[in-house]
Amino acid sequence: MLERPTAAVRPRRRLPSALPWLLPVAILALWWGSIGLGVFAAYQLPPPPVVLDAAIALAHRGLLWQDIVATAMRVVAGFAIGTSAAIVLGTVTGLSRSVDRAVEPTLQALRAVPTLAWAPLLLLWLGIDEPPKITLVAIGAFFPVYVNLVAGILGVDRKLIEVARVYGLGRSAIARRVVLPASLPSLFTGLRLGLTQSWLFVVVAEFFGASHGLGFRLTDSQQSSRVDLMFVALVCLAVLGKATDMVLRAVEARALRWRDVLGTERAS
Amino acid sequence: MARRARHRARILSTPLRLAGIRKRYDAVSVIGGIDIDVAASEIVAIVGPSGCGKSTLLRLISGLDTEFDGHISIGDREVRGPDRAVGVVFQEPRLFPWLRLDRNIAFGLEDHDSDPAAALVSETLGVVGLAEFAHALPKELSGGMAQRAALARALVTEPQVLLLDEPFSSLDAFTRMKLQDQLLAAWSRYRPTLVFVTHDLDEAVYLADRVILLSDRPARVADILRVAPERPRDRRDPTLLGLRVALLEALHLERSSIVGG
């Protein structure tokens with residue numbers, strides 16, 4: 001309704017809420033408290049200051065930054081490659097019934113293979129450098145984007161397509177001006193799932209013979225029984241995963257401002 | 001205003017002729033032979049029992065469905081399939097939710113990114129009283145405003161034939177009457193040949209020059225009523241009320257002849 005004041009018309013001034021911080025603080029307190037009460041031994045669960053010290057020491061040796069950059073670069077490269085391929089292939093399959101029939105069964109079969117099972121083969125084919133790791137991340141990012149985009153394209157409201165047909169628009173114009181914009185929400189759902197998958201897969205990829213990276217730091221610290229360093233890696237992964245998701249969410253909120261759903265109202 | 005005069009001169013209203021229209025869905029005959037001649041700039045209402053094929057007939061004229069027997073001509077040109085001379089307003093606004101109003105209106109223009117298109121769009125938005133909402137998103141509009149926008153989108157291409165499929169049926173009575181008057185105002189400006197389907201008999205006799213009553217499926221022309229009073233009409237005009245009663249009786253007859261077998 002027009003009477004509803006939109007965010008653009010009346011900028012809302014609101015104090016940043018403490019609500020999202022409640023749970024992390026509680027977890028931190030529980031973590032610290034459980035050690036104090038002797039529930040866990042310090043070698044199983046190091047207290048937060050110890051983890052912080054370990055992080056500082058790692059940073060001083062220049063290794064922390066190196067790990068973060070190595071892992072982040074693999075995610076960025078793999079995510080970019082995987083999602084690009086998914087967008088191209090998903091658009092073509094979604095729009096063309098014959099391509100769909102030619103490609104879809106094979107892709108479904110490939111999707112049925114647990115992605116971890118690719119890892120040994122990729123190592124064999126692509127060596128132990130960056131290519132197999134980036135490929136694994138790309139595979140992880142590809143499927144959620146592909147599946148959601150195709151579903152989005154097939155789910156476009158026929159009534160909107162009829163409007164375009166009345167104006168005599170051809171197939172390619174309808175695809176460009178109606179079908180693709182209408183499936184943008186599904187694409188973003190896929191992108192966000194794909195990003196989560198990318199972080200998952202990069203850690204797995206780094207388990208297999210890497211010399212840097214947060215996944216490598218995890219296994220390496222496990223072998224040397226450095227639980228504090230394992231926690232450093234875990235916290236870094238959590239922060240990086242959350243940060244990239246927030247970036248993607250911000251892009252999504254901008255691109256999908258036109259949506260009339262509960263989500264857009266919450267975001268504004 | 002020289003610009004407006006030029007604008008007017010471009011519009012050539014054209015008669016619409018439906019000849020021997022038949023339509024089947026598999027084994028079911030939906031339209032069983034319809035001949036209708038609509039004069040240039042005439043307003044024709046199509047009424048009939050629900051499910052009789054009124055909307056199907058409109059889909060054939062709009063070119064969304066090309067599988068039918070018979071001939072549809074606009075002027076002396078036979079058409080089958082979408083045609084730039086035809087504009088359509090659907091039962092729902094069907095605005096593109098991701099486009100701001102001006103872009104929605106411009107959607108059907110061939111040069112929809114150009115400056116002349118922008119001028120045409122803002123002019124048309126003015127005709128339907130939405131000039132100040134050019135940059136609103138569809139979700140920010142009320143139902144009546146959205147349907148006015150849909151009307152503007154159909155008018156902006158200056159169609160010689162304008163088709164409306166129960167355009168105001170989802171609106172409240174007050175908004176509906178307002179939009180009926182706005183439609184008449186737009187019609188007197190653009191003078192298209194106008195065919196609309198409705199189940200609202202008041203709407204039919206208030207807007208139309210002729211009301212065509214279709215029979216139950218398979219649809220045929222059961223009756224044609226001429227609405228005499230000159231425009232602007234008074235909704236309380238006894239002549240209109242009398243026509244409404246006559247239509248109601250004819251409709252009832254149509255329905256009972258089916259039910260009675």
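A, B, ... follow the sequence lines: proteins, then strands. Residue 1 opens every chain.
Interface remark: B/Leu95 contributes backbone atoms only to the contact with chain A (heavy atom separation under 4.5 Å). The contact between A/Leu169 and chain B is made entirely by side chain atoms (from C-beta outward), counting heavy-atom distances below 4.5 Å. Heavy atoms of B/Arg153 lying under 4.5 Å from chain A belong to its backbone as well as its side chain. Of the atoms belonging to A/Ala255, not a single heavy atom falls under 4.5 Å from chain B. Within the 4.5 angstrom heavy-atom criterion, atoms from both the backbone and the side chain of B/Arg94 approach chain A.
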Solution key, residues 147-161 of chain A side-chain donor-acceptor pairs under 3.5 Å, sequence neighbours excluded:
residue  : atom : partner  : partner atom : Å
A/Asn148 : ND2  : A/Pro144 : O            : 2.8
A/Asp157 : OD1  : A/Lys159 : N            : 3.0
A/Lys159 : NZ   : B/Glu92  : OE2          : 3.2

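Within the 4.5 Å cutoff, no side-chain heavy atoms of B/Val89 are placed close to those of B/Asp165. Looking at A/Ile68 and A/Leu214, their side chains come closer than 4.5 Å, going by heavy atoms from C-beta outward.
Side-chain N/O atoms of A/Thr244 and A/Trp199 include a donor and acceptor closer than 3.5 Å.
Salt bridge B/Asp200/B/Arg176: present, at least one basic N to carboxylate O contact under 4.0 Å.
The residue among B/Gly108, B/Gly81, B/Gly63 with the most heavy atom pairs within less than 4.5 Å of chain A is B/Gly108.
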